[in-house]
Student: 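Please see the structure below; I have some questions.
In the text below, chain A, chain B and the rest are named by the order of the sequence lines, each starting its count at 1. Keep in mind it's a predicted model, so treat the numbers as computed, not measured.
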Protein chains: 2
Amino acid sequence: MSLKKKVSMAVVRRLPRYYRYLADLLKLDITRISSKELSMRMGITASQIRQDLNCFGGFGQQGYGYNVEFLYNEIGNIMGLNNRYQTIIIGSGHMGKALANYENFEKRGFKLVGIFDINPEVVGGSIKDIQIYHIDTLEEYVKTERVDIAILSVPYEQTPLVADRVARLGIKGLWNFSPMDLKLPYGDIVIENVHLSDGLMVLGYNMNQKMLSSKKTGD
Amino acid sequence: MSLKKKVSMAVVRRLPRYYRYLADLLKLDITRISSKELSMRMGITASQIRQDLNCFGGFGQQGYGYNVEFLYNEIGNIMGLNNRYQTIIIGSGHMGKALANYENFEKRGFKLVGIFDINPEVVGGSIKDIQIYHIDTLEEYVKTERVDIAILSVPYEQTPLVADRVARLGIKGLWNFSPMDLKLPYGDIVIENVHLSDGLMVLGYNMNQKMLSSKKTGD
DNA sequence: TAGATTGTTAATCGATTAACAATC
DNA sequence: TAGATTGTTAATCGATTAACAATC
């Protein structure tokens, strides 16, 4: 039941991917799947799938494979989705708005309970029935409502201060979209930094590589 | 000048991070930096930094370190940012809109030239002076304008068809925000899939782990 | 039972770190 | 020149893949 060894981040970062593919299988009414079949769908080795899953327990059955629904739920639990983390968004700019409207979060068990902004013009309004509060009322709000995760999407200058306030309030997770890497020393909080444009630059690299090599062969 | 060996994706995915940290140094008017100093700022080893950079060439100087501006520009070139990739966004929903308004893209050398949507109510409008065209005019548009990258942010059902059209038009890069992993067989196009909620689930995992371990020690 | 497929150990491969000679 | 710091080779570590006995 409990973990034998610390699971590597390489494995952990694959869990959401397994989860998505299992969701797709469920939608197709496929009830069982072997590591071999799943490996072909996902483009990774069957060995890796079995190795990965066995970090957390023996979810399969010899001669049968894995029950899709069972495995889906188990991986969901491993990622804590059954905690139904209560989530707030801080910063209702374009990105904050997009995130508030992203259905995938609810679907994955994250519950958006409030939005906070500094702009008086949007405070009092709402997005998808979620109230927008003034950022100054954050401390007060957290006194009465459970907040597990804060999604941060504020300008560069305000990022460290807002992050500090969030950490002080005992909020346990921070998903940071602001263009500044936040590091650990903010108390005990778990942080996940997002840099959207990093992916775009990797795309740029791969395109550039392809161009250079085709030039060499003489396109 | 040209690459000795194929550079591993592990290295490539660190390039944007170097690029960001160098941009920060530039803003601070720091002109030179040693791998040691940079390693402390970034939280990785100096050895890794030197190893990474030497995949692409000797950008430093013994006894001196690296010239920040020079290294910044070199890494930018490696990622092809000097190509000034012309970019379109397909799908102007909440996420498409947020992406259109994201200043970081322009800052990183990606030029947004058009937005496409299927909804007649938004077609003809614009976001940040960028025209919104009807998706049906995509083929016509590409005949007269150079398009290097398409950013896809359309509903699940439409994803494969739109991706197929994009690939057929000879567009070289696809940055896919639709909730469906796109795989290679679409011609010669380079694809980068984004799954925002994956990061949120990793955050969930880490929070869950922390909770479980603190329960064990008896919080 | 025979066939299939897991869980797990062992072998391989690749990535990171350490060390140091080269050189600015 | 002496000191600093790179570029690069060698050593270590970790992650992936292969193999197979266990077992449904």
Side-chain angles (χ1 to χ4, degrees), chain A residues 1-18 21-22 25 30-75 78 202 205, chain B residues 1-18 21-22 25 30-75 78 202 205:
Chain A
M1 188 102 260
S2 92
L3 304 139
K4 292 159 195 178
K5 260 183 150 191
K6 203 185 170 300
V7 178
S8 84
M9 263 300 140
V11 174
V12 173
R13 294 208 173 272
R14 279 194 292 269
L15 291 178
R17 192 141 180 274
Y18 289 127
Y21 274 83
L22 290 166
L25 291 172
I30 295 173
T31 55
R32 51 176 274 199
I33 192 146
S34 69
S35 58
K36 176 115 180 289
E37 167 71 16
L38 187 58
S39 82
M40 290 186 304
R41 285 176 181 266
M42 295 183 66
I44 58 179
T45 66
S47 221
Q48 179 162 73
I49 292 174
R50 295 205 298 277
Q51 197 75 278
D52 282 357
L53 297 179
N54 273 88
C55 292
F56 303 101
F59 300 132
Q61 207 163 69
Q62 282 95 333
Y64 172 87
Y66 299 88
N67 177 289
V68 175
E69 192 176 1
F70 175 75
L71 186 57
Y72 175 79
N73 288 327
E74 283 295 324
I75 294 180
I78 290 164
V202 170
Y205 173 86
Chain B
M1 187 101 258
S2 90
L3 305 140
K4 294 160 196 180
K5 259 183 151 188
K6 206 188 167 297
V7 178
S8 83
M9 264 300 139
V11 174
V12 173
R13 295 209 173 271
R14 278 193 293 270
L15 291 179
R17 189 139 183 275
Y18 290 127
Y21 274 83
L22 290 166
L25 290 172
I30 295 172
T31 56
R32 53 175 276 197
I33 191 144
S34 68
S35 58
K36 176 115 180 288
E37 166 74 15
L38 187 58
S39 81
M40 290 185 305
R41 284 177 182 266
M42 295 183 65
I44 57 180
T45 66
S47 220
Q48 178 162 73
I49 292 174
R50 294 204 300 277
Q51 196 76 277
D52 282 356
L53 297 179
N54 274 89
C55 292
F56 304 100
F59 300 132
Q61 207 163 68
Q62 284 95 334
Y64 172 88
Y66 299 88
N67 178 288
V68 175
E69 191 176 1
F70 175 74
L71 187 57
Y72 175 78
N73 288 325
E74 284 296 324
I75 293 180
I78 289 164
V202 170
Y205 172 87

Student: Looking at B/Lys36, is its backbone amide N or carbonyl O close enough to the side chain of B/Arg41 to form a donor-acceptor pair, meaning the two atoms are under 3.5 Å apart?
Tutor: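 Side chain of B/Arg41 to backbone of B/Lys36, a donor-acceptor pair under 3.5 Å: no, none is there.
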
Student: Please walk me through it: do A/Tyr66 and A/Ser34 pass side chain to side chain contact (heavy atoms under 4.5 Å, CB included)?
Tutor: CA-CA 6 Å; A/Tyr66 299 88; A/Ser34 69; over 6 Å; no

Student: Tell me if the side-chain of A/Gln51 makes a donor-acceptor pair with the base of D/dT17, cut-off 3.5 Å, by modelled atom types.
Tutor: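 Flag set: donor-acceptor pair detected.
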
Student: Would you mind reading off the distance between B/Asp52 atom CG and D/dT8 atom C1', rounded to a whole angstrom?
Tutor: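 Distance, rounded to whole Å: 14 Å.
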
Student: Send over the distance from B/Leu53 CG to D/dT8 C1', rounded to a whole Å.
Tutor: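 Rounding to the nearest Å, CG of B/Leu53 and C1' of D/dT8 are 14 Å apart.
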
Student: Expressed in angstrom and rounded to an integer, what is the separation of B/Tyr66 atom OH from D/dT6 atom C1'?
Tutor: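 One finds 6 Å between C1' of D/dT6 and OH of B/Tyr66, rounded.
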
Student: When you look for runs of 3 or more Watson-Crick or G-U pairs in a row, both distances below 3.5 Å, which of them include DNA chain D?
Tutor: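 Only these stems qualify: C:3-24 with D:3-24.
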
Student: Within the structure, does a side-chain N or O atom of A/Thr45 lie under 4.0 Å from either OP1 or OP2 of D/dT17?
Tutor: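 Answer is yes, contact under 4.0 Å.
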
Student: With hydrogens left out and only the distance checked, is there a donor-acceptor pair under 3.5 Å joining A/Ser47's side chain and the base of D/dA18?
Tutor: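 Present.
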
Student: To the nearest Å, how far apart are B/Tyr64 OH and D/dT5 P?
Tutor: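 Value for this atom pair: 11 Å.
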
Student: Can you check the B/Arg50 CZ to C/dC24 P distance for me, whole Å?
Tutor: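 Between P of C/dC24 and CZ of B/Arg50: 16 Å.
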
Student: With distance as the sole test, does B/Arg32 use its side chain to make a donor-acceptor pair with the main-chain N or O of B/Gly65 at under 3.5 Å?
Tutor: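 No; judged by distance alone, with no hydrogens or angles, the pair does not exist.
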
Student: What is the distance, to the nearest angstrom, from the CD1 atom on B/Ile49 to the C1' atom on C/dT16?
Tutor: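 Result: 13 Å.
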
Student: Is B/Gln48 close enough to C/dT16 that one of its side-chain N or O atoms is under 4.0 Å from OP1 or OP2 there?
Tutor: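 Yes, because at least one side-chain N or O of B/Gln48 sits under 4.0 Å from OP1 or OP2 of C/dT16.
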
